[in-house]
Chemist: 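Can you read through this structure? Questions will come right after.
Note that ligands are numbered from 1 as they come in the structure, with each ligand's atoms numbered from 1 the same way. The figures here come from the full heavy-atom set of this structure, side chains too, leaving out hydrogens, waters and symmetry mates.
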Amino acid sequence: MNKFDLERFEEEAQEQWTHAFESNPSELEKFFLTVAYPYPSGAMHVGHGRTYIVPDVIARFWRMRGRQVLYPMAFHVTGAPVIGISKRIAKKDPKTIHLYRDLYKVPQNVLDEFTDPLTIVRHFAGEYQRVMTACGISIDWRRRFTTVDPTYSKFIEWQWKHLYEAGHVIKGAHPVRYCTVDDNPVGDHDLLEGDKAEVIKFTLVMFRYGDAFIPTATLRPETIHGVTNLWANPGIIYVRVLVDGIPWIISREAAEKLALQDHTVEIENEIAGRDLIDAVVSHPLCGKVPVLPADFVDPDVGSGLVMSVPAHAPFDYIALRDLQHAGRYPGIKPIPLIKVEGYGEIPAQDIVEKNSITSQMDSRMDALTQEIYSAEFSKGKLFERYGGKPVRIARDEVAALMIEKFDSEIMYEFDTRPVVCRCGNKVKIKILHDQWFLKYSDPAWKQQVSDHLGDMALVPPEVRQEFDRTVDWLKDWACTRRVGLGTRFPWDTTQLIEPLSDSTIYMAYYTIAHRIKEIEPGLLTPEVFDYIFLGKESPDLPVKKKLEAMRKEFLFWYPYNFRFSAKDLISNHLTFQLFHHVTIFPRDKLPLGMVVFGMGLLNGAKMSSSKGNVFLLEDAVSEFGADTVRMFLMGSAEPWQDFDWRNDLVISTKKQIERFYNTVLEIKDAHGEPHDIDRWLISRLQSHIERTTAALTNFQTRQALQEAYFGIETDLKWYRRRLPEGCDGSRELHTLCSTWVRLLAPFIPFTGEHLWKQLAGEGLVSFAPWPVAEKNLVNTRIELAEELLSRTVEDIESIKKLIQITPKSITISLAPEWKHEIFLIIAKADDRNMVVKEVMKNDAMRRRGKEATDAVKQCTTLIHRLPPHVVGPLTQERVNEKEVFEAAKGFLEKEFGVPVHITEAESSEHAKAATALPFKPAIIIA
Ligand SMILES: [Zn+2]
């Protein structure tokens, strides 16, 4: 009956948990934690598992610590991806069908209905709930909602009314990522590739060529003074186009891009690249320069032609040098124009030669280019004849001048490529007019967020920098879309609020989600939400009793304590939600903390549903058991570290749980009288409690498991070894079991509930009181004695292995008093370098000479090796080593099967005895 059977434990616990985690305002202190709600368009893999299990372990921990815990969940179904999926399924796209039928295991009759996008999200929302429940995630499911519920839309309308009134919603022309196939702006969620790419503003420098312009795109317009030539690719076909009526020569790709950026573009005719070579062009700021051939010029970057500044651009320098090595264009010399400290007259030449770069293909080229670029921007100055201004000032001035007087235009490009839409099309940059934006560029709004960020708890602390950076560089955000599911944009109902803009304050909605369902959506005016969330009274509020109850819930739960999310959401969601919170809620309702996760790997490679490299969470649970999956995910890495799922390691986790289970059942009913070793066990237990508690308070699930599982297991092994013969444990073991089961319950709650019953614990272990360390049960003297003994046993074992003879006897030789004095001086010393001086103050020590200085060295090494939790107490409490070993003589003789002698090193003849140190006696095996 009591066989280890995770499946049975799961069934038993599920029955008792049905409504257990529904949480209401109470007298207790609250702990409200949230996770970014999932977009249910596919099955959950083990990476998702960790996202929801980490907060669950934390929720269970605080619940046991007596907090009123709320862990809610909802489903984000806003946006276009699911519409694309349903279209692909309708078209019977083989890749999509394969993903959904074979990988996600959707039954054919359900799959047939996936031509309706809402059916997809409803199906997977149900699946998510089922699998999360199977994993033992302690969610209050009464509060579940989706972002297309009519009541939620009313809430979003209210939120946007406030954003609008605060002046954060604006309409304007802006460059946005755009897919010309979908005819829609592209959000982060809509990208297959290139989500880190930023939109960069280039200046087009207009070179005159006959009646036409040849533009080149640059970020460094001030270097116009150093242009020696242009580069054109002889292998491609350029086009002559009328841009706003004026003839330009550019690549075909550039023509397509410019057409999206507020220009009329008409193609006149084609021009072969090779026909441009050796043409002469001119610009008022650099005079006449030739066009030179270069295969490296990419028609898909800028205009497809490049201006060359060999004195300051390593790529240009090498390209020119290569041509000249081949005997061409010998007359062209780099023209320097910027003076920058630390570089010679021609910085590009300088850096290329210093690094012995021979080819443009050298992998260091990008870094060197960046280095010069940064050095010149931060410390460079234009030569006097070009105005003598610092580069950082001259750059903008030259750009402005070119636009005003020399026909320059702006062109937007991505800083990295490729940028690819989910539909497979290359994303372009389009200037949208009449586009609605959230004005994240507003410095005053940024400041409010920065101020609040300073008050927030961020875990791990390193992410603070990333948040600061994000707040700093966030630009205006296109917040509406034409296509998708979601809430209509109140000021233009042909548009929808896009997914990253309707998911920023819904944590507040959780507090009322189960109650608002009872109210007719038509009644949910902005005044209703103003009352619930801001306490603003207004006449004629409907269903006032219900609103009061919701207000009470909100006041009890909000602000949330912690939000958990993967680190790739720092640059959007996690920061956006702060912008929205500071605008809408009063100070005392602003978020308190965030915990940011690392990524999941599967057998060393990044988990990705689209690449098929996933292990489904449900498969993991049915194969290994929910507790195994939980313990593996919590134990293999701290939440913010990346973790790697490997089936072989998961199997050994299952064995660990089984070992824990069997041990508890074996020892729980022991009823012997307690010995010293019991006092040791219980004393050690106090520090395991303390350290597990501290680790979980800091979200260190791995550290907590090390203490709560391995720490206690190792102690128990030693305990059972040290029990007097014929004794199989004392009644203290029952206390230990009760504590142990509770410490592990947040990690393996199914096994926990089953064992809790076996221990006759009261109620559910999920609500049992978290163990508290008791100072009066800590016995440093006994802990140190056992530490000394176990270390000595280890030493004897390793020596035995080394010498490989069958011993006839073992002698333990104890260090003399004067070495104890030295040991104590070193252990207490703040500055261990001063120790020799300190020791030598003493006449008797000085007389010992080399013997004493050697002992100082040896003791120092030893102290370095001992853990702080041993060295600390040793400065307070002297262990009577003789007493310890005399008392353990019987144990040692039993362990090693030979007579054991305990001697003082000073009276020993054996040469080895001289090596005896405090806490590390000499061991002589004969
Ligand atoms: Zn697309």
Side-chain angles (χ1 to χ4, degrees), residues 39-42 76-100 114-118 120-121 147 173-200 252-262 265 299-301 411-437 475-486 489 492 494-503 568 571-573 608-612:
Y39 186 91
S41 65
H76 194 201
V77 305
T78 312
V82 79
I83 292 182
I85 296 166
S86 68
K87 276 188 192 156
R88 288 199 293 279
I89 287 176
K91 275 193 290 189
K92 306 224 179 301
D93 169 56
K95 246 175 103 181
T96 313
I97 300 273
H98 167 69
L99 183 67
Y100 281 80
F114 276 12
T115 47
D116 169 23
L118 270 177
I120 302 179
V121 287
T147 55
H174 259 273
V176 296
R177 293 182 298 206
Y178 202 82
C179 175
T180 48
V181 170
D182 303 336
D183 203 13
N184 215 16
V186 176
D188 285 358
H189 289 335
D190 309 323
L191 284 172
L192 270 187
E193 254 183 290
D195 57 330
K196 292 280 178 278
E198 282 198 58
V199 174
I200 305 277
R252 191 175 285 278
E253 289 84 344
E256 282 169 19
K257 290 177 194 170
L258 288 166
L260 292 174
Q261 298 187 10
D262 269 358
V265 176
D300 200 13
V301 175
M411 180 175 183
Y412 295 98
E413 272 282 29
F414 292 114
D415 62 343
T416 54
R417 294 170 324 135
V419 183
V420 182
C421 176
R422 265 179 200 265
C423 73
N425 188 38
K426 225 186 259 174
V427 175
K428 297 199 173 69
I429 296 163
K430 176 170 176 155
I431 297 185
L432 276 192
H433 292 268
D434 298 340
Q435 169 65 36
W436 290 90
F437 290 90
K475 300 181 184 73
D476 295 347
W477 183 263
C479 58
T480 60
R481 297 285 185 269
R482 258 179 358 90
V483 184
L485 302 175
F489 187 67
D492 175 359
T494 65
Q495 304 271 315
L496 295 146
I497 296 170
E498 64 85 38
L500 281 161
S501 302
D502 82 338
S503 53
D568 54 341
S571 61
N572 47 57
H573 167 72
S608 155
S609 304
S610 57
K611 300 204 170 93

Chemist: Taking 4.0 angstrom as the limit, do Asp182 and Arg482 come out as a salt bridge?
Modeler: no

Chemist: With a 3.5 Å distance limit and no angle check, can you tell me whether Tyr39 reaches the backbone of Val82 through a side-chain donor-acceptor pair?
Modeler: yes

Chemist: If we ignore hydrogens and angles and just use 3.5 Å, is the side chain of Ser503 paired with the main-chain N or O of Pro499 as donor and acceptor?
Modeler: yes

Chemist: Would you find more than 12 non-hydrogen atoms of other residues, nucleotides or ligands less than 6.0 Å from Lys91 atom NZ?
Modeler: no

Chemist: Hey, which protein N/O/S atoms does the Zn ion (ligand 1) have under 2.8 Å?
Modeler: Cys179 SG, Asp182 OD2, Cys421 SG, Cys423 SG

Chemist: Quick one: CH2 on Trp436 to CZ on Phe489, what's the gap to the nearest 0.5 Å?
Modeler: 5.0 Å

Chemist: In a table with atom names and distances, give each donor-acceptor pair under 3.5 Å that connects a side chain of residues 174-181 to protein atoms at least two apart or in another chain.
Modeler:
unit_1	atom_1	unit_2	atom_2	d
His174	NE2	Asp476	OD2	3.2
Arg177	NE	Val186	O	3.3
Arg177	NH1	Asp188	OD1	3.3
Arg177	NH2	Asp188	OD1	2.6
Tyr178	OH	Asp183	O	3.2
Tyr178	OH	Asp183	OD1	2.6
Thr180	OG1	Asn425	ND2	3.2

